[in-house]
Protein chains: 2
Amino acid sequence: MVRLSDVAEKAGVSAATVSRVVRGEGKVGDKCRAHVKQVIAEMGYRPNINARALASKKNEIIGVITPNVTQAFYGALVTGAENAAQQVNYRVMLNNSHNQIDTELDAISSFRENGSQNIVYHSNVASNEQLINLAKEIQGLVVLNRYIPEIAHRCVWLDNTAGGRLSVKHLIDKGHRKFVFLASNQDLQDPVDRLKGAKGALLEAGIPWLEENVGYIMPSIDNGMKGISQLLERKCEFTAVVAFNDSLAIGAMNRLQDLGVKIPEDVSVIGFDNTDICKACRPQLTTTHYPIAEMAKYATELSLKLTTTDEIDSTKTHLYLPHVYERDSVATRSAC
Amino acid sequence: MVRLSDVAEKAGVSAATVSRVVRGEGKVGDKCRAHVKQVIAEMGYRPNINARALASKKNEIIGVITPNVTQAFYGALVTGAENAAQQVNYRVMLNNSHNQIDTELDAISSFRENGSQNIVYHSNVASNEQLINLAKEIQGLVVLNRYIPEIAHRCVWLDNTAGGRLSVKHLIDKGHRKFVFLASNQDLQDPVDRLKGAKGALLEAGIPWLEENVGYIMPSIDNGMKGISQLLERKCEFTAVVAFNDSLAIGAMNRLQDLGVKIPEDVSVIGFDNTDICKACRPQLTTTHYPIAEMAKYATELSLKLTTTDEIDSTKTHLYLPHVYERDSVATRSAC
DNA sequence: TTGTACGCGTTATCAA
DNA sequence: TTGATAACGCGTACAA
């Protein structure tokens with residue numbers, strides 16, 4: 001491995017000078033710089049990252065914490081972050097936390113020990129207090145998919161209330177008036193907000209909210225099937241099902257089809273997220289698009305900005321709006 | 001940040017001793033060790049990873065290179081690797097190469113500059129020569145999903161030929177004799193091997209191989225739909241479709257259903273990989289299981305072994321066998 | 001079993 | 001604009 005000092009010796013300058021041209025900082029004479037660059041190219045020198053990190057206490061690493069990249073949603077998240085990282089030659093360190101707070105905290109410690117100040121953190125288990133405290137300590141920490149007023153300018157999140165409202169409004173516009181909801185039973189804000197939005201859309205349209213028409217379950221295809229069965233047993237009447245996410249929607253859809261219900265002719269179904277599986281089912285799933293890849297990309301850019309510039313506007317948060325992505329699982333209901 | 005020397009001072013021992021107990025190596029007196037550990041706990045000391053990496057020229061990082069974790073298959077791959085890494089307190093650095101050889105090579109350089117000797121590399125674009133040369137230079141490089149005889153003991157791969165054979169044999173056992181194939185047009189060994197296995201199974205059963213019954217396309221749901229349409233236009237006769245992967249299978253299945261063909265009553269469909277989307281479609285997809293998560297886990301364990309012990313058997317490769325995972329898209333065909 | 005002393009490859013603070 | 005020189009925090013021969 002060729003070192004900085006090797007380059008310096010061959011170029012006939014000091015190590016300090018080479019360091020300056022490598023980093024592109026400090027004053028260096030034009031022809032001196034050109035010469036050094038030449039030698040660097042000739043020798044194929046590449047800086048030792050660990051030595052650099054040790055001396056500067058910085059490292060070009062962006063840590064990404066996510067429950068589990070096996071799930072399409074989080075895969076898209078990581079891809080978005082990695083995309084932004086590649087543009088500035090940063091590396092991404094990944095942690096699958098499996099929703100274990102200890103694992104998440106440990107990953108954060110580890111990232112920091114590696115000299116990384118840049119962390120994009122999606123947590124379903126950390127408390128607001130924990131996040132606020134971490135944000136104080138870690139300059140480049142960005143909280144993804146969550147809104148915490150105290151650190152609003154460090155949050156990149158989706159307007160889930162609007163999402164819930166849009167989903168339902170889309171169905172109302174198509175003539176539906178009898179709904180059933182497959183909600184998440186996870187102790188998170190997202191499910192609450194989406195339901196709140198849904199409720200709002202209903203009230204606006206003068207449709208009563210029936211709590212008995214809501215099933216709370218852990219999101220998965222299998223549970224979507226179970227959930228819709230339970231709703232059916234309760235003798236809920238509906239022409240549309242609104243699901244917390246795509247998996248639940250697809251489970252519901254498939255179970256209904258098994259029972260001879262035609263989608264979307266008899267019942268319309270709408271999902272949430274717009275993950276890849278929406279194209280696998282039949283009919284293809286109409287869903288509310290969650291631009292997670294873009295959001296993750298933006299979040300890592302924000303993290304970078306947080307650690308490199310002072311001009312951050314701490315009075316502003318970063319809120320994304322979802323929109324309905326139409327496929328084939330929702331149909332117009334002429335009469336009701 | 002509390003340093004090694006801080007601990008040493010407070011404990012009244014030398015830095016070298018603290019270093020020994022931290023690493024659990026070298027001889028240290030029992031009560032001395034206990035005392036130092038006590039102080040470490042009290043002070044909340046954690047080693048500086050960069051300093052350690054600089055001094056030892058090693059870093060506890062495992063690099064994972066994959067085309068794109070947005071795809072479920074690669075998401076599972078990364079999860080498997082991360083799983084193994086967590087067990088030994090290693091961190092994973094991720095690179096989405098998007099099948100760009102430059103990106104892959106760059107990632108490798110970067111990993112090495114970070115002091116990592118451990119790399120799990122899935123490449124669709126690197127040549128065998130490149131891989132062989134890299135393996136020479138990088139002690140802990142493991143090639144995933146590919147077999148290169150010269151570095152057989154560094155390869156963790158699937159028997160794709162057996163996979164192709166098993167898929168078709170499963171269908172033959174169910175009474176099918178007329179097949180159509182949706183193959184990949186990617187310039188890789190996997191598609192070739194799977195087709196070879198399929199052909200073998202056919203010949204064993206005395207069924208002729210019809211090259212015109214094979215469609216070569218880039219794997220995706222959309223292309224599965226297009227592919228089966230093309231085969232239909234060619235007036236191929238078949239009672240079963242064998243797809244290179246799950247996406248193609250699902251595309252084919254859905255298009256057939258659109259045309260009024262009943263799956264599996266009229267036509268059976270089998271996929272490959274056993275990714276999450278198999279449960280999203282209707283009927284759920286019977287497929288050939290590719291144990292990618294386990295393989296990736298094993299691959300990173302192998303990489304670790306390669307860099308820590310000398311007792312590696314270089315006469316042995318690491319070959320996994322796929323198996324048919326039955327769901328609902330394949331049915332028995334009584335007469336033909 | 002424990003301690004000393006030097007090196008790892010950079011960055012950064014001074015002088016020059 | 002350039003060059004010494006001291007950190008950075010730890011690992012590791014070697015000596016004790």
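Convention: sequence-line order gives letters A, B, ...; per-chain numbering from 1. Because the structure is predicted, anything quoted here is derived from the model rather than measured.
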Is it true that [X] and [Y] make a salt bridge, defined as a side-chain N closer than 4.0 Å to a carboxylate O?
| X | Y | answer |
| --- | --- | --- |
| A:Lys297 | A:Glu82 | no |
| B:Lys316 | B:Asp313 | no |
| B:Lys305 | B:Glu311 | no |

Round to the nearest Å and state the distance from [X] atom [atom1] to [N] atom [atom2].
| X | N | atom1 | atom2 | result |
| --- | --- | --- | --- | --- |
| B:Asn114 | C:dC8 | CG | C1' | 16 Å |
| B:Glu9 | C:dG3 | CD | C1' | 15 Å |
| A:Arg46 | C:dT10 | CZ | P | 12 Å |
| A:Lys27 | D:dG3 | NZ | C1' | 18 Å |
| A:Arg23 | C:dT13 | CZ | C1' | 12 Å |
| B:Asn59 | C:dG9 | CG | C1' | 14 Å |
| B:Asp30 | C:dT2 | CG | P | 9 Å |
| A:Leu4 | C:dA12 | CG | P | 12 Å |

Assign the ring pair B:His122 / B:Phe73 to parallel, tilted or perpendicular, where the plane angle (0 to 90°) is split at 30° and 60°. perpendicular
5′-ward residue of the pair B:Glu25/A:Gly12 relative to DNA chain D: A:Gly12
When you match A:Arg33 and B:Asn50 each to their closest nucleotide on DNA chain D, which lands nearer the 5' end? A:Arg33
By the 4.0 Å heavy-atom rule, please label A:Ser56 as base, sugar-phosphate, or nothing. sugar-phosphate
Indicate, with a heavy-atom threshold strictly under 4.0 Å, whether B:Val22 touches base, sugar-phosphate, or nothing. nothing
Using a cut-off of strictly less than 4.0 Å, decide whether A:Arg3 has a side-chain nitrogen or oxygen near OP1 or OP2 of C:dG9. yes
Nearest-nucleotide comparison on DNA chain C, the residue closer to the 5′ end among B:Ala55 and B:Gly26: B:Gly26
On DNA chain C, check which nucleotide each of B:Leu54 and B:Val13 is closest to and give me the residue with the more 5' one. B:Val13
Do you know the tightest heavy-atom contact between A:Leu54 and B:Ala51? CD1-CB, 3.7 Å
Tell me if the side-chain of A:Arg20 makes a donor-acceptor pair with the base of D:dG3, cut-off 3.5 Å, by modelled atom types. yes
